[in-house]
Amino acid sequence: MLIGLLTAVAASICYGTGSVLQAVGSRRAARMSPAAAGVTAHGGPNLTSTAKAAMTWEFIVGTILDFVGFGLGALAARMLPLFLSQTVISANLVITAVLSVKMLGIRLTRKEWTSIGVVCAALVLLATAAGHEGDHHAPMSTHWWLLAVTLLIIVGGTVAVRFLGARAAILAGLLSGLAFGALGVGVRILDGVDPFDPVTLATDPALYAILIAGIGGMYLHTVALQIGSVNGATAALVVGETVLPGAIGVLWLGDASRPGLAWLAVTGFVLAVAGAVAVAWYGNHDGAEDPAEEPVPAPVA
């Protein structure tokens, strides 16, 4: 349990730091481009603008941290109940918020600090109440359903961003969270890992759900960082990444709390999600999210 918890905390630190670095890179790329460039007819970023953001050194380092966080998170998902591992990993919101003060010039309000404190307290409650992780196996139909739902999330999110533009910021964050949640479930039920069997692993639909969820979720999260509040987008991601996989772990995979502490686990889980939503609600900062100004042409001599 302790090793799994430390692994989840390390994954959270990697993800939180990576999110802020990606936001810095995305905004630096936006400032270097004309205001009308790189957007769709509906005001959302197109693939070209996203690719430019991905070429900045900040974004590259942030992406490397994401991959490290993914590996650590995958280990945690197989060592802890999903309602604990996913919630601890999603606490990267705290890291994101604190680092954004220094790196993005954002000043957090008292309400945001209070919300962050609620999330931290909730994680302590969850860690205290968590029991053993459940089964690592699920019917093959579940693996196929996971792949289908993951495809629906990514395709639906991409279409929504293209047609809703800036109005899809929170939705993109939420859908990226659902994708990462599907990734956690996929890692948990993946066949061919223990004992290692490359043929079984390569033919498991859950493996392809993991790959699609990871790549697609990263894309949707990048878009959310480009068009909305970094804290708000990350908080929406937290909700999507914790609620659904936590419920799946309890209802279908046998995750459980310590005997007699189910009420504490539920309380901690609800407070963690509520704290994340509060940060999303209070996470808009005047001037911090303004789009890049359109360059003013030099006067003609």
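When a residue number appears, it is its place in the shown sequence, counting from 1.
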Atom of [X], atom of [Y] and distance for their closest heavy-atom approach:
X    : Y    : answer
R78  : V187 : NH1-O, 2.7 Å
A172 : V161 : CB-CG2, 3.9 Å
L201 : F196 : CD2-CE1, 3.9 Å
G173 : A224 : N-CB, 3.8 Å
S115 : G275 : CB-O, 3.7 Å
G217 : A179 : CA-CB, 3.9 Å

What distance do [X] atom [atom1] and [Y] atom [atom2] have between them, rounded to the nearest 0.5 Å?
X    : Y    : atom1 : atom2 : answer
R188 : H137 : CZ    : NE2   : 10.5 Å
F59  : L21  : CZ    : CG    : 10.5 Å
M79  : T7   : CE    : OG1   : 5.0 Å
L220 : L174 : CG    : CG    : 10.5 Å
L80  : Q86  : CG    : CD    : 10.0 Å
I89  : F180 : CD1   : CZ    : 11.0 Å

If two hydrophobic side chains count as joined below 4.5 Å and joins carry through other members, does [X] share a cluster with [Y]?
X    : Y    : value
L244 : W144 : yes
L190 : Y208 : yes
L151 : V223 : yes
L152 : I248 : no
V250 : V266 : no

Checklist entry - Which residues pass the side-chain hydrogen bond (donor to acceptor under 3.5 Å, both in side chains) test with T203, sequence neighbours left out? => result none
Next on the checklist: Holding to side-chain hydrogen bond (donor to acceptor under 3.5 Å, both in side chains), I want the full list of residues that pass it with D204, two or more places apart in sequence or in another chain.
Outcome noted: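 With sequence neighbours excluded, D204 shows a side-chain hydrogen bond (donor to acceptor under 3.5 Å, both in side chains) to H143, given in chain and number order.
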If the condition is side-chain contact (heavy atoms from CB on, under 4.5 Å), which residues does [X] pass it with, not counting sequence neighbours?
X    : value
T114 : R110
L5   : L84, V88, A127
L125 : L264, T267, L271
S12  : A91, N92

Checklist outcome for this item: So side chain to side chain donor-acceptor pair (under 3.5 Å) across residues 149-161, not counting sequence neighbours, yields none
Item to check | side chain to side chain donor-acceptor pair (under 3.5 Å): pairs with one or both residues in residues 239-250, sequence neighbours excluded | outcome: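 Listed once each, the pairs are S90-E241.
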Which pairs of donor and acceptor atoms, one on a side chain in residues 65-75, lie under 3.5 Å apart (sequence neighbours left out)?
| unit_1 | atom_1 | unit_2 | atom_2 | d |
| --- | --- | --- | --- | --- |
| D66 | OD2 | Q22 | NE2 | 2.6 |

Checklist entry - Is there a side chain to side chain contact (heavy atoms under 4.5 Å, CB included) between W113 and V98 once you walk through the steps? => result CA-CA 9 Å; W113 282 117; V98 173; 3.9 Å; yes
Item to check | Residue pair M218 / S176, side-chain heavy-atom distance below 4.5 Å | outcome: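 No; the side chains remain at least 4.5 Å from each other.
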Checklist entry - With respect to L183, which candidate in L178, L146, I210 satisfies the side-chain contact (heavy atoms from CB on, under 4.5 Å) definition? => result I210
Item to check | Side-chain donor-acceptor contact under 3.5 Å, T109 with E112 | outcome: yes
Checklist entry - For A138, does its backbone N or O pair with a side-chain atom of T142 as donor and acceptor, under 3.5 Å? => result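 Absent.
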Item to check | Remaining members of hydrophobic cluster (4.5 Å side-chain criterion), L6 | outcome: L2
